[in-house]
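Data first, discussion second: the structure below is written as structure tokens.
Lettering of chains follows the sequences in order, A, B, ..., and the numbering in each one begins at 1. Just so it is clear, the values below take in all heavy atoms, side chains as well, and ignore hydrogens, waters and symmetry mates. Remember, it's a predicted structure, so these values are computed and weren't measured experimentally.
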Amino acid sequence: MPELPEIETVVGDLNKKILGLTIQDIWYDWKKQFKLPKDPREFKKIVVGRKIIGVRRRAKNILIDLSGGCLLLIHQKMTGHLLVGKWKIDKNKPVSLLKGPLREKVNDYIHLIFYLSGGKELALSDLRKFAKVMAGPRETMENLPDLAELGPEPLDRYFDISIFRNIIKEERRPIKQVLMDQNVIAGIGNIYSDEILWEAEIFPLKKADKLSAAQLGRIFRAMKTILKKAIRLRGTSTSDFRDPAGREGRYTFVRKVYRREGKPCSRCQTAIKRVKIGGRSGHYCPVCQKN
DNA sequence: ACAATATCCTGCGAGC
DNA sequence: TGCTCGCAGGATATTG
């Protein structure tokens with residue numbers, strides 16, 4: 001569920017909280033989260049002793065640059081959370097030593113902790129255990145399909161309407177599906193594809209190659225404004241997104257369609273509808289989004 | 001060559 | 001009240 005704005009929020013916070021610290025040890029209780037190397041002991045060997053130089057985002061991936069030319073990649077998938085705090089392991093389960101939001105449920109699903117210099121800890125909480133972590137030499141990592149095959153970043157300055165048009169016009173799938181395809185455009189998921197298409201007044205099942213120039217222009221502009229606004233509001237927490245301090249995002253309160261089935265459209269008061277698109281649910285206004 | 005479907009997971013809410 | 005079941009969905013693997 002964390003998409004571009006949520007990951008951007010996490011990355012910004014991590015840059016303020018853990019820059020310059022060294023990974024001293026790790027704790028984990030779920031082996032399958034390690035995708036590369038698959039052996040947790042090998043993973044540990046790579047990251048321990050390295051300093052955190054910078055934190056970046058690419059699509060929905062969190063990229064942590066480590067000293068010695070290494071890169072740590074974390075993908076939160078749907079229910080992953082990166083938290084900065086302090087925990088004690090009690091009966092093989094982490095318990096937060098800090099008061100506040102970290103004491104809440106998100107604290108119950110921690111399966112990985114990085115122990116950092118200065119007594120800080122970076123934890124990965126993940127209820128559904130879909131999140132993945134990878135580490136290795138930067139060049140090896142950047143050549144993995146996970147990164148190498150991604151489409152352009154929607155908020156990059158060079159990413160203009162002509163590039164957007166050229167990418168989209170080749171696609172015959174429904175526009176919502178195209179917007180969510182990371183190898184077409186990076187970082188957009190179910191929440192923001194719904195929100196962007198409502199803003200642009202486009203029917204989510206409309207085939208991408210059938211969109212007019214005016215419609216493409218509206219989608220392009222909506223994509224930029226919605227994503228920027230969502231970053232400003234620190235993401236959406238309709239289900240369980242939390243920032244590294246355990247706090248919710250405020251885009252939840254200004255969203256127009258996502259998970260608002262049956263509720264009135266803020267433009268025309270018509271009840272928001274829900275449809276299955278490529279196995280996922282899309283939300284739209286049947287009056288505002290006719291084509 | 002492309003598209004639809006299954007897979008991984010767990011909690012939650014609907015319905016009986 | 002307590003059970004079952006479908007749903008949530010990012011990305012990859014597999015089948016059609």
Side-chain angles (χ1 to χ4, degrees), chain A residues 1-8 10 28-36 38 57-63 73-82 93-94 104-112 124-134 141 143-151 153-154 167-197 204-209 227 230 235-242 249 252 255 257-263 272-284:
Chain A
M1 224 147 310
E3 303 175 27
L4 186 153
E6 289 76 26
I7 303 303
E8 198 67 33
V10 171
Y28 61 89
D29 69 349
W30 177 253
K31 284 183 185 173
K32 281 169 97 176
Q33 67 191 310
F34 302 99
K35 288 286 145 63
L36 190 84
K38 282 199 190 312
R57 180 189 63 74
R58 178 71 173 105
K60 301 169 191 168
N61 299 285
I62 294 164
L63 305 179
L73 181 154
I74 300 170
H75 196 307
Q76 306 188 119
K77 295 287 180 86
M78 267 101 59
T79 55
H81 302 83
L82 277 179
K93 269 197 71 178
E104 290 170 22
K105 255 197 286 185
V106 71
N107 192 48
D108 294 343
Y109 310 105
I110 290 171
H111 300 296
L112 175 60
L124 177 59
S125 153
D126 186 19
L127 185 153
R128 286 165 72 181
K129 296 178 174 173
F130 286 3
K132 61 175 185 183
V133 294
M134 309 199 257
M141 296 293 292
N143 285 323
L144 293 170
D146 305 77
L147 293 177
E149 288 173 13
L150 293 169
E153 283 293 331
I167 293 173
I168 302 299
K169 73 175 184 202
E170 303 298 325
E171 295 285 344
R172 274 155 298 188
R173 292 175 289 167
I175 182 62
K176 177 177 166 67
Q177 237 180 306
V178 172
L179 290 176
M180 288 197 296
D181 186 332
Q182 301 306 296
N183 297 338
V184 177
I185 301 169
I188 299 171
N190 213 28
I191 300 172
Y192 297 105
S193 56
D194 276 357
E195 294 297 316
I196 289 165
L197 292 173
L205 282 162
K206 176 93 174 183
K207 300 281 193 288
D209 58 346
L227 292 175
T236 304
S237 298
T238 39
S239 53
D240 64 353
F241 171 71
R242 298 292 184 276
T252 316
R255 73 193 202 279
V257 282
Y258 180 71
R259 289 213 184 176
R260 290 194 68 245
E261 187 186 11
K263 298 209 164 67
I272 298 302
K273 274 196 174 177
R274 185 159 68 104
V275 278
K276 279 274 172 222
I277 304 171
R280 270 155 208 93
S281 63
H283 309 77
Y284 69 103

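In this structure, the nucleotide among C:dA11, B:dA3, B:dC9 sitting nearest to the side chain of A:Lys129 is B:dC9. Distances from the side chain of A:Lys60 to the nucleotides B:dC2, C:dA8, C:dG10 place C:dG10 closest. Set against B:dA3, C:dG10, C:dT12, the side chain of A:Asp146 has C:dT12 as its closest nucleotide. Closest contact between the side chain of A:Lys276 and the listed nucleotides C:dG10, C:dA8, B:dA3 involves C:dA8. With C:dG10, B:dC8, C:dA8 as the candidates, the nucleotide lying closest to the side chain of A:Lys32 is B:dC8.
Between A:His111 and A:Asp126, the side chains place no donor N or O within less than 3.5 Å of an acceptor N or O (distance only, hydrogens not considered).
Between the side chain of A:Glu149 and the main chain of A:Leu147, no donor-acceptor pair closer than 3.5 Å is present. For A:Glu171 (side chain) and A:Asp209 (main-chain N/O), no donor-acceptor pair under 3.5 Å exists by modelled atom type. Of the possible polar contacts, none joining the A:Arg280 side chain to the A:Ile277 backbone as a donor-acceptor pair under 3.5 Å is found. When atom types are taken as modelled, the side chain of A:Glu8 and the backbone of A:Arg57 share no donor-acceptor pair closer than 3.5 angstrom. Side chain of A:Asn190 to main chain of A:Ser281: a donor-acceptor pair is present (N/O by atom type, distance under 3.5 Å, no hydrogens or angles).
A:Glu149 places its CD atom 14 Å from the C1' atom of C:dA13, with the value rounded to the nearest Å. The nearest whole Å value for the distance from the CD atom in A:Glu3 to the P atom in C:dA11 is 9 Å. If you measure from atom CD1 of A:Ile277 to atom P of C:dA8, you get 12 Å, rounded to the nearest angstrom. Per the geometry, CZ belonging to A:Arg173 stands 12 Å off C1' belonging to B:dA4, to the nearest Å. Between the P atom of C:dA11 and the CZ atom of A:Arg280 lies a distance of 9 Å, rounded to the nearest Å. A:Met180 places its CE atom 12 Å from the P atom of C:dA8, with the value rounded to the nearest Å. Nucleotide C:dT12 holds its P atom 7 Å from the CG atom of A:Asn183, rounded to whole Å.
To the nearest whole angstrom, the two P atoms, one in C:dT14 and one in B:dC9, are 15 Å apart. Comparing the P positions of B:dA6 and C:dG6 gives an interatomic distance of 13 Å, to the nearest angstrom.
Distances shorter than 4.0 Å separate some side-chain N or O of A:His75 from OP1 or OP2 on C:dA11. For A:Ser281, a side-chain nitrogen or oxygen approaches OP1 or OP2 of C:dA8 to under 4.0 Å. The side chain of A:Tyr109 contributes an N or O atom lying less than 4.0 Å from OP1 or OP2 of B:dG11.
Judged by ring centres under 5.5 Å apart and planes tilted less than 30 degrees, A:Phe130 stacks against the six-membered base ring of C:dG10.
Residue A:Gln76 is classed as having no contact, given no heavy-atom separation below 4.0 Å to the nucleic acid. In this structure, A:Tyr192 reaches neither bases nor backbone, as no heavy-atom distance under 4.0 Å exists between it and the strands shown.
Taking a pair as Watson-Crick or G-U wobble with both distances under 3.5 Å, DNA chain B forms stems of 3 or more consecutive pairs at B:2-8 with C:10-16, B:10-16 with C:2-8.
Sorted by first and then second residue, the salt bridge (Lys or Arg N to Asp or Glu O under 4.0 Å) pairs involving residues 179-191 of chain A (not counting sequence neighbours) are A:Arg173-A:Asp181.
Residues A:Thr79 and A:His81 come closest through the heavy atom pair O-ND1, 3.0 Å.
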